[in-house]
Amino acid sequence: MVVRDELLARAVDECRGLIARRFPGDAERGAAAVLLDDGEVLTGSSPDFGNAGASLCHEVEPCCAAFRLNRKIVASVCLHRAEDGRHLVLSPCGICRERLADHGPDVLVAVPGPSDPTELRWVSLREALPHYWLAGAFPDEAPDWR
Ligand SMILES: [Zn+2]
């Protein structure tokens, strides 16, 4: 599936929009957005729980919503608004890569540029997760990864 640039841009805009609307006076906040195969964008964010061990990634809410809607995720972006107002691109953590892997190796994930954390680049999950354990050890359980 070829993901159109304007849909990717909309996912980024909606991620930034959630940060702006939900946290108008707070710096240092983040959110995530996923683009679904039908063009819908789902956003999410995670509270700062009193017990940091209860923390969740911002991607969890939109990933679970995609499951609820029975839709495939085609792209994912996570941004953190720094104190100076810049939006830093957070590449998906290891466990979020695992969550996204269920949607196949062609999922696009936002990663920061090599020398500018505000530069947003799209790479495939296969690039971000080159040695996906399930595909290597149990390829029949990850048929999209062949
Ligand atoms: Zn994560």
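Positions are given from 1 along the sequence. For ligands, and for the atoms within them, numbers begin at 1 and follow the listed sequence.
- A side chain to side chain contact (heavy atoms under 4.5 Å, CB included) with His80 is found for one member of Val89, Ile19, Leu88 and no other, namely Leu88.
- With Arg10 contributing its side chain and Gly39 its backbone, the two residues share a donor-acceptor pair below 3.5 Å.
- Only protein N, O or S atoms were scored, and 3 of them lie under 2.8 Å from the Zn ion (ligand 1).
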Trace of the side chain to side chain contact (heavy atoms under 4.5 Å, CB included) decision for Cys57 with Cys93: CA-CA 8 Å; Cys57 296; Cys93 77; 3.6 Å; yes
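- Side chain of Arg97 to main chain of Pro92: a donor-acceptor pair is present (N/O by atom type, distance under 3.5 Å, no hydrogens or angles).
- A salt bridge does not link Lys72 with Asp102: every distance from a Lys NZ or Arg NE/NH1/NH2 to an Asp or Glu carboxylate oxygen is 4.0 Å or more.
- Sorted by first and then second residue, the pairs that involve residues 126-146 and meet ring-ring contact (aromatic ring centres under 6.0 Å, His included), not counting sequence neighbours, are Tyr132-Trp145.
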